[in-house]
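Let me begin by presenting the structure, written as structure tokens, before commenting on it.
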Amino acid sequence: MKRLLSALFFYMSYRTNTCGELRSEQVDKIVTLAGWVHKRRNLGGLIFVDLRDRYGITQIVFNPDITANFALADTLKYEYVIKVTGTIVARVPEAVNKDLLTGAIELKAQKLEILSQAKTLPFEIFDAHKEEEDEELRLKYRYLELRREHLKNNIIFRAKMIQYIRAYMDARDFLEISTPILTVSSPEGARDFLVPSRIHPGKFYALPQAPQQYKQLLMVAGMDRYYQIAPCMRDEDPRADRSPGEFYQLDVETSFLERDEFFDLMEPLFIELTEKVAGKIVQQNPFPRLPYQYVLDTYGTDRPDLRYDLKIVDVTDWAKNTDFKVFVEAKAVRVIVVPSGAQFTRKEIDEEFTELAKRNKAKGLAWLKYTTDFEGTIVKFFKPEELNELRDKLKIKTNDILFFVADEPLLASKVLGAVRTLAAEKLHLADPNVIAWAWIVDFPMYEWSPDKVGISGEAGAIDFGHNPFSLPQGGLDTLNSKDPLTILADQYDIIANGLELSSGAVRNKDPEIMYRAFEIAGYTRDAVNKKFGHMIDAFEYGAPPHCGFAPGIDRLLMLFLGEPNIRAVIPFPKNQHAEEPMMGSPSTVDDRQLRDLHIRSTD
RNA sequence: GGACCGGUAGUUCAACUGGUUAGAGCACUGCCCUGUCACGGCAGAAGUUGCGGGUUCGAGCCCCGUCCGGUCCGCCA
């Protein structure tokens, strides 16, 4: 009986194969395929249908001599869901479609069944290379857009990458542990999403911006290797590379590892993802470990694209001895030499480079081309021997261009950093198949925050540079003896191709160092106890040394897939106004729900 | 919160300097077609030019307001 039922089930089953797997080897087999009508070509007495599912496309032929219900095939429209049973046949050599993996064969349909009809579509599925429709429309019908090749492949890639990460972590004794979604406000800077409590009138949960405190408490709990594909929620405005509202991180924390041991443990993951999952090339292995101040000076940003060299050089000493007043009087003069940059036209220099420099708050952008000799509007301010000295010092070659910024040292580098990016873009210096990973280390513990109100009541105060739970290098002694703005933290970033993927840190697990670190940033002992009492408390019951990081899953996908827009790697993204047009979130709720939550809307 | 760009058929776009009945591809409807794979051919339907006001003999086009969308800055690891 059981066997009879299963035989019957097989006979009645929706499909025996997928639309992506059939090859010449399966010729003469009788199969059943199910999927969507991707294209149809109705020749009158003969109908071709490209049948599509997640796995691929197979051509179906309906022929009145073979297909029992041929008339039904005449009614097929785009995106109908159908089930077809028939025989696999080899195509004649002239009819082989080389663009299709299944192009050597076709399915000769004996029986057709329509499983679901489809209305006229708001946009075409097969026309996937375009994607020019209004994004609002595409987001509203995201389930249709997800049928398109490009987006479908991105989402499949996403699943594969996460699967690879899980296997990697599992093989290294990491435990995947879920932390609460309903939690309390976190110390990080972004605005929280709040969830009103029904049971506690006037109180709110917060959605996690990151599971930062939980993962540290897991270390105290002895779960010495933790990870999670963690949802993070932040109520901030979106950007092309920043998902509005929510995103995912590979959240990681480990105990009993020095910083460099942690790097050694995690680096192979990024190398394997680059090479095995994304099929790209790792530029440098092991990853360079560059100090924060060095990259800021040399590339004008803490997340330089290292696929190309183009370093910024300080020439303040040289500039002081010239007669060019702007250079002599400036605090610093920095220069970037762009090989082959002499090809940039005056229009490009004025309208693109100088404009960019001004947008970045430079007063101007000086430049010199070197062809047979130096040329440019500022040549007249220098003596020949000064220019020769510069040429030798910077090893300038024919057809180089030099961009100078004279300003505060940091600003000069920052502006030239933007110039560097633009020049590289225009000269196509970045190889899209290469990923240049690097660790940026030694971030400052504190920074000057002009907007923060200090203890004295006036604007401007010392604030944490990044994560307040980072360990200051040198510990308590350093905190007590050095100028706070010179103290470095055991804090690091991992970057690639100009994208920041994660920050991380060796954490501060010592209550005394914590109190002192917060004190410098203007928090009293009481304030720290009130806000982080549970953390301090936990650290007093035996806390292991621990460190971790949290690379953004969506950013990793953008990097591997070369997507400039983060929404192309998220199945159901929110739009620029943090709305989701398909489901219609956020939405109003009825009065009764609000009453239950002790909430009244003022709008 | 601010700056810039945009909004014409289901969709992607066109419409000269303000001038006839706002056009084309794809999709859609009907007909023809047995080897197509961006199939082909014939015919057809489809529009409050985002919305409101103004200037003009006349506005898709110019002006004012407003709504919506995109990009960037502010914000944000």
Side-chain angles (χ1 to χ4, degrees), chain A residues 38-51 57-67 70 73-75 77-79 89 91-100 102-103 106 108 118-141 144 186-192 209-210 212 232-245 247 249 251 302-303 356 359-361 440 443 451 464-467 470 491-495 499-505 549-552 554-555 564-565 567 575-579 581:
Chain A
H38 187 65
K39 285 291 268 183
R40 74 199 147 95
R41 294 174 291 279
N42 190 336
L43 274 60
L46 201 61
I47 298 169
F48 294 94
V49 163
D50 289 344
L51 192 65
I57 286 174
T58 299
Q59 176 165 277
I60 317 288
V61 198
F62 296 97
N63 185 320
D65 303 333
I66 293 159
T67 311
F70 181 79
D74 200 42
T75 69
K77 304 276 151 54
Y78 282 87
E79 297 304 309
V89 296
R91 300 201 199 182
V92 295
E94 310 88 79
V96 168
N97 185 340
K98 292 198 178 61
D99 298 332
L100 222 52
T102 61
E106 62 191 8
K108 229 167 207 173
K119 292 199 292 189
T120 300
L121 298 152
F123 49 79
E124 286 142 40
I125 308 301
F126 62 85
D127 208 8
H129 55 283
K130 276 193 171 171
E131 290 180 21
E132 279 161 355
E133 297 87 3
D134 192 60
E135 190 170 36
E136 191 74 8
L137 184 79
R138 287 186 280 125
L139 287 181
K140 187 175 173 192
Y141 296 98
L144 294 180
S186 107
E188 263 142 284
R191 262 189 297 271
D192 283 314
Q209 298 187 20
Q212 180 66 34
C232 302
M233 278 72 85
R234 292 174 192 172
D235 189 5
E236 295 295 344
D237 290 352
R239 278 291 177 281
D241 67 345
R242 198 163 76 204
S243 174
F247 57 96
Q249 288 182 340
D251 196 43
D302 60 0
R303 46 180 180 84
L356 180 73
R359 266 208 305 285
N360 281 283
K361 306 208 169 67
I440 309 300
F443 277 74
D451 299 327
F464 289 107
H466 297 271
N467 188 324
S470 304
Q491 160 120 26
Y492 42 82
D493 277 3
I494 185 164
I495 63 160
L499 273 181
E500 182 213 307
L501 290 161
S502 170
S503 61
F549 71 166
D554 311 287
R555 291 264 176 98
N565 190 329
R567 292 187 287 272
N575 67 14
Q576 288 247 323
H577 301 287
E579 298 158 337

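Throughout, a chain's letter reflects where its sequence line sits, starting with A, and its residues are numbered from 1.
- With both pairing distances under 3.5 Å, U49(B) is matched to nothing as a Watson-Crick or G-U wobble pair.
- In this structure, F62(A) has its ring center no closer than 6.0 Å to that of F48(A).
- Considering NE2 of H38(A) and CD1 of I60(A), their distance stands at 13.0 Å, rounded to 0.5 Å.
- In this structure, CZ of R555(A) is placed 14 Å from P of C76(B), rounded to the nearest angstrom.
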Mind listing the N/O atom pairs, protein and nucleotides 2-10 of chain B, below 3.5 Å?
residue, atom, partner, partner atom, Å
G10(B), O2', P122(A), O, 3.4

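- Every side-chain contact (heavy atoms from CB on, under 4.5 Å) that A578(A) has, sequence neighbours left out, goes to P244(A).
- A salt bridge links D50(A) with R41(A): the distance from a Lys NZ or Arg NE/NH1/NH2 to an Asp or Glu carboxylate oxygen falls below 4.0 Å.
- For C4(B) and C42(B), the C1' atoms lie 48 Å apart once the distance is rounded to whole Å.
- Across all strands shown, nothing is found opposite U36(B) as a Watson-Crick or G-U wobble partner with both distances under 3.5 Å.
- Atom P of C39(B) sits at a distance of 12 Å from the matching atom of C28(B), rounded to the whole Å.
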Nucleic acid footprint by protein, nucleotides 34-45 of chain B - heavy-atom cut-off 4.0 Å, B for base, S for sugar-phosphate alone: BBBBSB------
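- Between R567(A) and E135(A) there is a salt bridge, since a side-chain N of the basic residue sits under 4.0 Å from a carboxylate O of the acidic one.
- The P atoms of A15(B) and G23(B) are separated by 14 Å, rounded to the nearest whole Å.
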